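Structure first, commentary second.
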2 protein chains.
Amino acid sequence: MSQARFSITATALDQRLPCGRPLQKISEYSSCAPDRRAADDLLHRLTGKLNDFVREKKLKKSESREKILAVIVREARHFTALDLLERLGKSYPDVGKATVYRNLPVFVASRIIKEGPPDVDGHVLYELADGHHHDHIVCLDCRRIFEFHDEAIEKRQELVSDQLGFVPREHRHIIYAKCSYRSR
Amino acid sequence: MSQARFSITATALDQRLPCGRPLQKISEYSSCAPDRRAADDLLHRLTGKLNDFVREKKLKKSESREKILAVIVREARHFTALDLLERLGKSYPDVGKATVYRNLPVFVASRIIKEGPPDVDGHVLYELADGHHHDHIVCLDCRRIFEFHDEAIEKRQELVSDQLGFVPREHRHIIYAKCSYRSR
DNA sequence: ATGAATGCAAAGGTTTTGCACCCCC
DNA sequence: GGGGGTGCAAAACCTTTGCATTCAT
C-alpha cells in the first residue's frame with residue numbers, strides 16, 4: 001500500500017506557535033498568508049474569473065465585491081462569514097456587512113469559493129475553491145485545520161454509494177484528531 | 001473485495017412517500033418510530049443510563065429531563081434542537097425551551113445522544129448514540145438520511161491519520177447523493 | 001434610464017442568560 | 001437548606017431583509 005497516495009497541507013503556516021494553547025478562532029491560524037506574490041497572482045486570476053461571471057450573468061461590477069475578494073485571497077484560507085467581516089473591517093471599514101452576506105453566494109456561484117465543513121462552533125466555513133478536492137483533519141488541541149487527500153477513500157466512497165444505489169454528488173469528511181505537536 | 005462489508009439502514013422507514021417531493025424538514029422523515037415496543041425498551045435502558053450519570057455527577061433527578069428523553073427516543077432519530085422543541089411542545093407543552101437547550105449537553109455528556117453531521121440548514125443534528133458508529137448518506141432529492149458503515153473507509157482513515165502524525169478521535173463523513181428512487 | 005449594488009437599520013430565527021422560584025437530596 | 005433545575009422573558013448572536021440611495025451600463 002503506497003504511502004505516496006497521501007498528501008497533506010498545513011493551512012496554518014506558522015509552525016512556531018505552541019500547540020497547547022487553545023485558540024478562540026480557527027481563523028487566527030489560517031490567517032497567515034503564505035506568500036504575498038502568490039496571493040497577488042491568485043487574486044488577479046480570481047478577479048478575472050469574477051469578471052467573467054459578472055458579465056455572463058449580466059450583473060454589474062462593484063468595488064466592494066473586489067475588496068471582499070481581495071481580503072479572502074490575501075487573508076483567508078478557511079473562514080466564516082464573521083471572520084471575513086472582521087478582517088474586512090480592518091482593511092475596508094466602508095464595506096457593510098449586508099454586502100458581505102449578499103456577496104458570499106455570488107462567490108460560491110462563480111466557483112471562486114465553496115462551502116466547506118462547519119467549524120467547531122457550527123458555522124459554515126468557506127474556503128477557496130482551487131479545484132483540488134481535499135478533506136480536512138482538525139487538531140482538537142491546537143485547532144489548526146489541515147487538508148488531506150486520499151485516493152483510496154475517494155474511490156471507496158464511490159463504490160459504497162454505487163452499491164447502495166446512490167449517485168454521489170459531493171461529500172464532507174472531517175477527521176477530528178490530535179496532532180503530535182505536543183509530544184514531539 | 002467483499003460486498004458484505006457494506007451495511008445500510010434507512011433512517012426513514014416510510015418508504016411509501018414519493019421521493020421527488022422536497023421536504024421542509026429532514027425530521028419529517030426521520031420521525032417515524034419503527035416499533036413501539038423496541039422504543040420502550042430502549043427508553044427504559046437509556047433512562048437507567050441517565051440515572052447513572054446523574055448519580056455519578058451528583059446532579060439531581062428531574063422530570064423534565066426524563067420527558068425530553070422520552071420524546072427523543074420515541075420520535076427522533078436525527079433531530080435538531082428545534083425539531084425536538086417542536087415535538088416536545090405537542091407531548092409536554094409545560095417543558096420550556098431553555099430546559100431543552102440546557103439538557104442537550106447533559107445527554108451528550110452522558111453519551112445518550114451525540115452530535116451528528118449538520119443538517120441542510122447548518123443546524124447541529126443530534127442522534128442517539130447507540131454505540132454503533134456509522135456515517136451518513138443524504139439524498140439531495142428526497143432529503144432522507146441513511147446510515148452506512150464501511151470498514152475499509154474506517155481503517156483507511158486511521159492509516160491516513162497515523163501516517164500524517166495524528167491520533168484520530170472521531171470523524172464526520174457525509175455523502176450527499178441522489179438515491180435511485182426516482183428512476184425506479 | 002434601468003436595474004444592480006450598497007449601507008444602514010430593523011427584523012428574523014436560534015441559542016444563551018439572568019432571575020426568581022421550585023424541588024430533589 | 002443548599003444547590004441543581006425550571007420557566008419565563010430578555011439578551012445575545014448571526015443572518016436576512018426593507019428601503020432609500022448610489023452607481024454601473
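Given the structure is predicted, the values throughout are model-derived calculations rather than measurements. Residue numbers start from 1 in every chain, and the chains themselves are labelled A, B, ... in the order their sequence lines are given, proteins ahead of strands.
Checked against D/dG2, C/dT14, D/dC14, the side chain of B/L82 finds its nearest nucleotide in C/dT14. Comparing atom distances between the A/L59 side chain and each of C/dA4, C/dT14, C/dT17 picks out C/dA4 as nearest. Distances were taken from every side-chain heavy atom of B/A98 (C-beta onward) to each of C/dG3, D/dC8, D/dC14; the shortest belongs to D/dC8. When each of C/dT6, D/dT6, D/dA24 is scored by its nearest atom to the side-chain atoms of B/R102, the top-ranked nucleotide is D/dT6.
One atom, OH of A/Y126, and another, C1' of D/dC14, lie 12 Å apart when rounded to the nearest Å. Regarding B/K58, its NZ atom lies at a distance of 14 Å from the C1' atom of D/dG4, rounded to whole Å.
Residue order along DNA chain D, read from the 5' end via each residue's closest nucleotide, puts B/S64 first among B/S64 and A/V54.
Ring orientation note: the planes of B/F148 and B/H173 are nearly perpendicular, at an angle over 60° on the 30°/60° scale.
Neither OP1 nor OP2 of D/dT16 sits under 4.0 Å from any side-chain N or O of A/Y101. Note on B/S62: every side-chain N or O is 4.0 Å or more away from OP1 and OP2 of C/dC23.
A distance of 6.0 Å or more separates the ring centres of B/F107 and B/Y126.
Here the side chain of A/K61 pairs no donor or acceptor atom with the backbone of A/V54 at under 3.5 angstrom.
A donor-acceptor contact closer than 3.5 angstrom links the side chains of A/H149 and A/E151.
One N or O donor and one acceptor, one from the side chain of B/K60 and one from the base of D/dG3, sit under 3.5 Å apart.
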